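Atom set for the values below is all heavy atoms of this structure, side chains included, hydrogens, waters and symmetry mates excluded. The shown structure was predicted, so the numbers you read here are calculated from the model rather than taken from an experiment. Letters go in sequence order (proteins before strands), and every chain restarts at 1.
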Amino acid sequence: MTQNNLSKKRQKFSVSQYSYVFIFIALFIVYYLVSGSLKWTGVTNILRHSAVVGIISIGMGLIIITGEIDLSVGAILGCVASFGCVFFNVLNTNGLPAWLIFFLTVLFCLVGGTLLGFFNGILVGRVKLPAFIVTLATQLIYRSVSQYASRALSKDLTGASANTYSMVRVEVTSGMCARDAMYAFGNSKIPGVEIPTVGLIFILTAAVLVYVSTSTKYGKRLYAIGSNAKAAHMGGVNVEWNRVSVFTLAGFLCGVAAAMWLCLQGNVDPATTGVTNEMFAIAAVVLGGVAMSGGKGQLVGVIFGALSYTVIDKIITALKVDSLINNTIKGIILLIAIVIQVLGPQFRTKKKSSN
Amino acid sequence: MNVLEMHNIHKSFVGVPVLKGVDLAVKQGEVHALLGENGAGKSTLMNILAGVHSADDGQVIFDGNDITNCTIAESEEAGVAFVHQELNLFDDLKVFENIFFNKELVTKTGRLRKREMIQNCEDVFQDLGVVIDSTVTVDCLSASEKQLLEIAKAIFFEAKLLILDEPTTALSNEEIDHLFDLINKLKSEGKSFVFISHKMPEIFRISDSYTVLRNGEFIQTGKISDVSAQELTSVMVGSLFSTAEIYKPRKMGNDILSVQNVSGPGFENVSLNIKKGEIVGITGLQGSGTSEFLRSVFGELPIFEGDVYVDGKKFSHINIRNAMRKRIALLPANRRENSVIPDMSILENMYISEHEISRKNPIIRMDHELEKYEIQKQRLDIKALTPHNLILSLSGGNQQKVFFARWLNTDADILLLDNPTQGIDVGAKAEIYKLILQLAEEGKTILVNTQEIPELQRIADRCAVFYSGKIVKILSHDEITEHTVMQYATNAIEVEEAKPV
């Protein structure tokens with residue numbers, strides 16, 4: 001009898017568990033149909049446009065797996081990119097070689113993001129404040145500081161007229177100036193396969209973190225904390241510092257996204273860059289099948305979640321309808337996904353019990 | 001005159017009989033002690049009286065009226081007030097709001113008549129000699145004030161019989177004095193009490209008569225003045241209990257764990273030397289500090305004072321990870337809350353603790369883990385189909401074995417087991433005992449906290465009995481009987497000694 005019970009409860013492949021794949025494929029088919037003639041570059045462009053929000057979503061996914069939330073990711077992106085611009089302009093006026101400026105600016109973004117994430121992490125993990133409130137507060141702070149600085153700093157530093165930041169072009173005797181070098185890199189493609197470099201960075205970063213979440217002791221600890229923090233603690237897991245670490249990691253990923261943003265755009269508007277990114281990141285995580293309560297779901301789903309939202313954008317553009325309807329569609333897709341995830345298993349058990 | 005008569009009460013839960021024809025009679029103006037071990041059926045009987053459960057058979061006469069199978073509201077209406085062990089108060093509401101909860105005085109338009117309610121409260125408090133501000137929120141009150149508030153609430157709505165379920169567990173001696181003064185005062189006014197407690201000194205101090213239940217059966221009733229604490233303990237425990245003789249004395253090594261004058265939350269001045277390979281039982285009533293003691297040695301709770309030595313070396317900076325490095329493991333009580341990681345598989349639940357120790361190799365080697373899983377599965381006889389099933393697919397006993405494996409994987413030498421057989425059926429319990437003995441045979445040192453004395457008789461080399469945070473007696477294996485343990489755990493010894501000869 002126990003044998004019977006055991007086999008009944010065995011995890012089986014289920015549609016609701018992998019709903020993100022089907023949603024992505026369905027959306028992709030719609031995109032293929034409405035675009036008329038879809039070329040390979042059209043497909044690879046999905047990666048390009050997913051890269052920034054995608055990387056942020058991966059960080060959000062890790063945080064949600066531990067049962068927490070981070071509302072400040074978009075603001076970290078905006079803040080780090082803004083000051084990354086300023087940092088770039090300072091270096092640029094000192095006449096350093098372009099490659100060094102490029103390297104140092106990227107490094108600045110990574111370190112900056114990590115520090116802002118660490119600050120969140122300390123408040124949530126060590127001081128044990130609720131993550132929702134902490135990151136709501138830091139969202140306001142990070143965003144406001146970058147907006148304030150855009151007006152308070154001189155035009156030499158911001159590189160643009162009031163309220164925005166821009167990486168300044170300078171005349172160089174040979175080769176490209178640093179700004180052009182970064183821009184060229186951000187908009188380059190891998191020769192032969194035509195995959196955008198930023199898209200590749202997104203996929204590689206995501207792949208590494210999917211590996212971390214499924215195959216390392218650290219990853220399993222995050223799941224354990226999200227599933228039952230008390231039991232994880234009693235089992236010897238350092239719950240406090242693992243929470244700090246996951247917010248720090250998410251901050252680092254926001255830094256990567258900020259560096260990407262600079263390479264892609266070359267300028268930052270602190271009032272709009274990264275705004276509502278946290279909401280799309282959360283939506284991508286949920287669409288990817290990760291439970292908001294923590295401990296459940298796979299990070300690989302988050303990649304599909306982020307890609308799905310980009311495809312929705314593409315569909316709207318291809319249909320040539322007003323882009324303001326965009327979020328309505330995204331909201332409906334999110335509701336459909338959550339209905340499948342929540343009601344799917346209930347429906348199955350009902351069917352089973354009626355048999 | 002009897003205010004309460006319960007006749008031939010029967011009650012079963014899902015086919016398991018919990019009460020088998022129990023009688024209880026309480027006179028007006030007396031304190032009646034209801035005695036019995038955990039699981040004897042005291043709570044069920046009181047829940048039937050209070051209308052929480054309905055009886056399968058039998059009759060309840062209260063104050064001349066048949067209130068068999070009444071609802072909670074009808075029981076309250078009749079004059080029964082149940083002061084629960086975990087108090088049913090709203091911490092965020094004010095004192096008077098708690099007293100008048102769901103019985104608020106209102107004007108015709110539905111506005112609360114606060115001033116009147118506050119005045120009424122203060123009148124009652126004054127009557128009872130209770131000093132509580134009725135306008136503060138309940139979370140500002142101490143445990144004893146909350147207890148008094150519950151009683152005041154019952155008096156306010158003219159209860160005739162108050163059920164006090166272990167009312168003194170959270171109280172200091174001074175507060176107990178105050179509570180007992182109040183009980184005596186109300187008794188003289190004609191109120192009756194059913195007093196549930198495990199503490200013999202209190203029972204003898206406050207009660208007039210007693211009824212003993214054992215395994216759901218009515219055993220004996222009478223006047224407290226006619227019995228001794230010793231006799232009562234015997235009656236409670238009974239003489240029949242089976243101990244399959246699986247225990248045999250083992251060779252032991254040197255002292256491996258030594259605790260010197262350690263105090264912490266809920267226990268004080270505990271000293272204990274434990275030899276390698278020894279099984280030491282730790283027992284005491286609910287709230288006597290046994291569980292807290294184990295958790296403090298493991299670093300989950302703080303140690304205020306005193307020293308712990310492991311293998312002769314002082315163990316300073318006690319926290320969970322340092323304890324793990326010293327090869328100490330704690331299998332916590334309340335499996336569901338403290339052990340189960342519900343979204344993870346059996347394998348993942350098993351390896352999570354070992355990974356803290358081997359964190360320098362960050363990548364999980366699946367073949368390695370499966371090998372270890374097979375070893376533990378064989379060793380502990382875990383009945384699982386595959387390691388990848390969710391932990392919740394296992395029965396309680398098998399889950400507990402997985403958590404044994406979780407700690408055996410860490411190569412722990414000292415196993416602290418906090419109530420390891422909680423919520424496990426009889427068959428699985430026997431397996432756990434066998435496992436504990438087998439582990440001791442292999443040289444593991446084991447501390448078991450349990451309230452089940454037959455369990456200690458089966459496995460423990462020695463047993464330390466706690467009474468309100470202190471070790472009152474260390475018994476050798478042959479001295480462990482339900483009777484002696486209960487005597488020390490309820491501090492009945494003190495009563496005997498205090499009695500003039």
Could you tell me if the side chain of Ile56(A) sits less than 4.5 Å from the side chain of Val256(A), heavy atoms only? no
Check whether Phe298(B) gets within reach of chain A through its side chain, its backbone, both or neither, counting any heavy atom under 4.5 Å. side chain
So, the part of Ile320(B) with a heavy atom under 4.5 Å from chain A: the answer is side chain
Proximity breakdown for Thr410(B) and chain A, heavy-atom pairs closer than 4.5 Å: neither
Check the side chains of Thr421(B) and Glu455(B) for a donor-acceptor pair under 3.5 angstrom, ignoring hydrogens and angles. yes
Side chain, backbone, both or neither of Asn361(B) within contact of chain A (heavy atoms, under 4.5 Å): both
Hey, is Arg406(B) close enough to Glu354(B) for a salt bridge, meaning N to O under 4.0 Å? no
Most heavy-atom pairs under 4.5 angstrom with chain A, which of Leu331(B), Val340(B), Leu330(B)? Val340(B)
Scan side-chain atoms only and decide if Asn398(B) and Lys383(B) contain a donor-acceptor pair under the 3.5 Å cut-off. no
Between Glu348(B) and chain A, which part of the residue has a heavy atom less than 4.5 Å away: side chain, backbone, both or neither? side chain
Under a 4.5 Å heavy-atom cut-off, does chain A meet the side chain of Arg336(B), its backbone, both or neither? backbone
Please flag which part of Pro362(B) lies under 4.5 Å from any non-hydrogen atom of chain A: side chain, backbone, both or neither. backbone
Testing the 3.5 Å rule here: is there a donor-acceptor pair between the side chains of Thr135(A) and Asn120(A)? no
Do Ser245(A) and Tyr218(A) pair up side chain to side chain, a donor and an acceptor below 3.5 Å, judged on atom types alone? yes
Pair count under 4.5 Å, heavy atoms only, with chain A: among Pro332(B), Pro342(B), Ala323(B), highest is Pro342(B)
Heavy-atom distances under 4.5 Å only: say whether Arg321(B) touches chain A with side chain, backbone, both or neither. side chain
Using a cut-off of under 4.5 Å on heavy-atom pairs, state which of Gly219(A), Ala291(A), Gly236(A) scores highest against chain B. Gly236(A)
Is it the case that the side chains of Ser291(B) and Asn419(B) hold a donor-acceptor pair, with the cut-off being a distance below 3.5 Å and no angle test? no
With a sphere of 6.0 Å drawn around CD of Glu442(B), does it hold more than 12 non-hydrogen atoms of other residues, nucleotides or ligands? yes
With chain A, the option among Met366(B), Met344(B), Arg295(B) that has the most non-hydrogen atom pairs under 4.5 Å is Met344(B)
